[in-house]
Amino acid sequence: MNYNLLFKEYIEYKPFIKWVGGKRGLLNQILPYFPKEFNNYFEPFLGGGAVFFELYSKGLLKNKKIYLSDINSELINTYNVIKNNPNELIYNLEKFKKQHSKEFYYQIRGLDRNENYNSLSDIEKATRFIYLNKTCFNGLYRVNKKGYFNTPIGSYKNPNIVDEETILNASEALQNVIILNQSFEKILDYTNKDDLVYFDPPYYPLNKTSNFTSYDSNVFLKEAQFKLFEVFKTLSKRNVKVIESNSDTEFIKNLYKNYDVNIVNANRFINSKKNGRGKINEVLIRNFKG
């Protein structure tokens with residue numbers, strides 16, 4: 001008997017980048033809140049895509065249309081390159097790995113200040129994006145008001161710049177996925193009854209010093225949170241199933257007080273002071289029960 005046919009090799013589909021606020025460490029807490037049955041799947045604040053990759057790994061997205069989107073054009077370009085040209089990307093990353101140094105990091109980081117930046121190929125931009133993500137401080141994607149990436153280099157002895165297996169597996173998972181560079185409200189154009197939407201926006205700040213809302217050059221504060229809430233309500237009226245992660249703040253809990261609000265416990269890693277790291281509550285909001 002061929003036992004290889006009985007026990008298929010397990011393939012781990014997981015994010016190919018680090019992402020502040022990524023949900024990989026929370027999957028066991030939040031996935032039980034997801035519905036067992038739904039039609040198409042939408043993730044409009046894609047980031048590292050931990051929830052998508054986990055749902056894909058578990059076979060929960062089989063035979064469904066999947067729409068992954070984000071306003072961050074650099075991020076979406078990288079997803080498309082991984083989907084369509086993973087081997088060329090890996091080849092380029094190998095070259096970057098050999099050249100990695102503090103001087104090289106700041107040289108690559110500074111490319112977006114150059115007027116010729118837009119002449120770079122999609123693969124070259126994706127190589128830069130992943131290289132910076134793997135070597136910058138805590139994988140923090142941060143840009144200034146001009147839209148220039150400005151996160152300093154991290155202190156890693158051996159950063160995992162070329163994660164070949166993860167990239168190739170991600171490419172496989174993305175083959176039948178629709179990947180879009182757009183703002184979250186655009187999903188109103190093509191969501192229907194019993195579809196599932198997972199919102200993971202930049203969180204409303206816990207306090208005035210919580211400034212990790214500059215996810216791209218736009219700031220996601222009260223006005224944006226109200227806009228997201230209106231989209232949440234519109235989808236609910238259409239009988240679209242919606243789940244949202246956000247911060248455990250009075251503002252957010254009051255905004256969604258008419259919906260199912262649950263508390264989950266997360267680790268906070270992005271803080272320069274050790275006593276500012278540790279467990280912190282988040283909320284998981286749903287427009288359905290069960």
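Just so you know, these numbers use all the heavy atoms, side chains as well, and skip hydrogens, waters and symmetry mates.
- Side-chain atoms of Thr151 come within 3.5 Å of backbone N or O of Leu140 as a donor-acceptor pair.
- Within the 4.5 Å cutoff, no side-chain heavy atoms of Leu284 are placed close to those of Ile263.
- For Asp112 against Gly147, the heavy-atom pair with the smallest separation is OD2-O, 4.2 Å.
- Between Thr249 and Pro205, the shortest heavy-atom distance links the atoms CG2-O, 3.9 Å.
- For the pair Asn246/Glu282, no side-chain contact is recorded, criterion being any heavy-atom separation below 4.5 Å from C-beta on.
- A 4.5 Å side-chain heavy-atom check between Ile153 and Phe137 finds every atom pair outside the cut-off.
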* To do: Dump the intermediate steps for side chain to side chain contact (heavy atoms under 4.5 Å, CB included) on Glu250 and Lys253, then the final yes or no.
  => CA-CA 5 Å; Glu250 290 307 311; Lys253 288 189 289 188; 3.5 Å; yes

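- By the 4.5 Å heavy-atom criterion applied to side chains, Tyr67 and Tyr41 are not counted as neighbours.
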* To do: Show the numbers, then the answer: is there a side chain to side chain contact (heavy atoms under 4.5 Å, CB included) between Leu132 and Ile108?
  => CA-CA 8 Å; Leu132 293 176; Ile108 296 302; 4.2 Å; yes

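- Here the rule is side chain to side chain contact (heavy atoms under 4.5 Å, CB included) with Asn40, and of Thr191, Asp194, Asp195, Ile66 only Asp195 fits it.
- A donor-acceptor pair under 3.5 Å is formed between the side chain of Asp70 and the backbone N or O of Gly47.
- Note that CD of Glu88 is 11.0 Å distant from CG of Asp122, once rounded to the nearest 0.5 Å.
- For the side chain to side chain contact (heavy atoms under 4.5 Å, CB included) with Phe288, the qualifying choice from Ile243, Val240, Asp260 is Ile243, the only one to do so.
- Contact annotation: the side chain of Ile17 approaches that of Leu75 to within less than 4.5 Å [non-hydrogen atoms, C-beta and beyond].
- Looking at Asn72, its side chain does come within 3.5 Å of a backbone N or O of Glu74 through a donor-acceptor pair.
- Contact record, Gly48 with Trp19: N-CG, 3.6 Å, taken as the closest heavy-atom pair.
- Between Tyr105 and Tyr131, the ring planes are tilted. Angles from 30° to 60° get that label.
- Between Tyr256 and the choices Tyr204, Phe229, Phe251, the ring pair (Phe, Tyr, Trp, His ring centres under 6.0 Å) rule is met once, by Phe229.
- In this structure, the separation between CG on Leu55 and CG on Leu61 is 5.0 Å, given to the nearest 0.5 Å.
- Comment: Glu54 engages Lys58 in a salt bridge, judged by a side-chain N to carboxylate O separation of less than 4.0 angstrom.
- Under the 30°/60° scheme for interplanar angles, the aromatic rings of Phe232 and Phe199 are found to be tilted.
- Looking at Glu124, its side chain does come within 3.5 Å of a backbone N or O of Ser121 through a donor-acceptor pair.
- The distance between the ring centers of Tyr141 and Phe149 falls below 6.0 angstrom.
- The structure places CG of Asn169 at 11.0 Å from CG of Leu174, a figure rounded to the nearest 0.5 Å.
- No donor-acceptor pair closer than 3.5 Å links the side chain of Thr166 to the backbone N or O of Asp163.
- Of the possible donor and acceptor atoms, one in the side chain of Asn84 sits under 3.5 Å from a partner among the backbone N and O of Asn80.
- With a 6.0 Å cutoff to the six-membered ring centre and a 45° limit on the axis angle, Lys125 counts as a cation-pi contact of Tyr117.
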* To do: Might you work through the side chain to side chain contact (heavy atoms under 4.5 Å, CB included) test for Thr234 and Lys237, ending with a clear yes or no?
  => CA-CA 5 Å; Thr234 300; Lys237 290 175 182 177; 5.8 Å; no

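- Under 3.5 Å, the side chains of Glu172 and Tyr13 contain a donor-acceptor pair of N or O atoms.
- Distance CG/Leu235 to CD/Glu185: 11.5 Å, rounded to 0.5 Å.
- Contact of the Leu93 side chain with the Ile167 side chain is registered, since non-hydrogen atoms from C-beta on lie closer than 4.5 Å.
- Within 6.0 Å of atom CD in Gln175, more than 12 heavy atoms from other residues, nucleotides or ligands are found, so the atom counts as buried in its surroundings.
- Between Ile76 atom CD1 and Ser69 atom OG the span is 6.5 Å, to the nearest 0.5 Å.
- Counted within 6.0 Å of NZ on Lys186, heavy atoms from surrounding residues, nucleotides or ligands total 12 or fewer; the atom is thus considered open.
- The salt bridge (Lys or Arg N to Asp or Glu O under 4.0 Å) search around Lys233 returns Glu230, not counting sequence neighbours.
- The aromatic rings of Tyr56 and Phe52 sit tilted relative to each other, their planes meeting at an angle between 30° and 60°.
- Within 6.0 Å of the NZ atom in Lys97, the count of heavy atoms belonging to other residues, nucleotides or ligands does not exceed 12.
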Cut-off 3.5 Å, no hydrogens considered: what does the side-chain donor-acceptor table look like for residues 20-39, sequence neighbours left out?
from	atom 1	to	atom 2	distance (Å)
Lys23	NZ	Gly21	O	2.6
Lys23	NZ	Asp200	OD1	3.0
Lys23	NZ	Asp200	OD2	3.2
Lys23	NZ	Tyr203	OH	2.9
Arg24	NH2	Glu12	OE2	2.6
Gln29	OE1	Asn265	N	3.0
Gln29	NE2	Asn265	O	2.7
Asn39	ND2	Lys193	O	3.3

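- With 3.5 Å as the limit, one finds a donor-acceptor pair spanning the side chains of Asn150 and Arg142.
- Side chain of Ser171 to main chain of Lys83: a donor-acceptor pair is present (N/O by atom type, distance under 3.5 Å, no hydrogens or angles).
- Taking Tyr198 as the reference, Ser245 meet the side-chain hydrogen bond (donor to acceptor under 3.5 Å, both in side chains) condition, with sequence neighbours excluded.
- The CG atom of Asn85 sits 10.5 Å away from atom CG of Asn92, with the distance rounded to the nearest 0.5 Å.
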* Checking side chain to side chain donor-acceptor pair (under 3.5 Å) for the pair Ser101/Glu103: CA distance, chi angles, key distance, verdict? -> CA-CA 5 Å; Ser101 66; Glu103 181 182 3; 5.2 Å; no

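- Between Ser247 and Leu206, the shortest heavy-atom distance links the atoms CB-CD2, 4.1 Å.
- Ser236 contributes no side-chain N or O that, together with a main-chain N or O of Asn287, makes up a donor-acceptor pair within less than 3.5 Å.
- In this structure, Arg113 and Asn144 approach most closely via the heavy-atom pair NH2-ND2, 4.5 Å.
- Counting heavy atoms from C-beta outward, Glu43 and Val197 have side chains that stay 4.5 Å or more apart.
- Ring centroid separation for the pair Tyr91 and Phe96 does not come in under the 6.0 Å cut-off.
- What you find for Ser183 and Ile71 is that their closest heavy atoms are CB-CD1, 4.3 Å.
- Tyr156 and Ile130 fall into different hydrophobic clusters, where Ile, Leu, Val, Met, Phe, Trp and Tyr residues are linked whenever their side-chain heavy atoms come under 4.5 Å apart, directly or through other members.
- Side-chain atoms of Gln99 come within 3.5 Å of backbone N or O of Lys95 as a donor-acceptor pair.
- Within the 3.5 Å criterion, the main-chain N or O of Leu188 finds a donor-acceptor partner in the side chain of Arg238.
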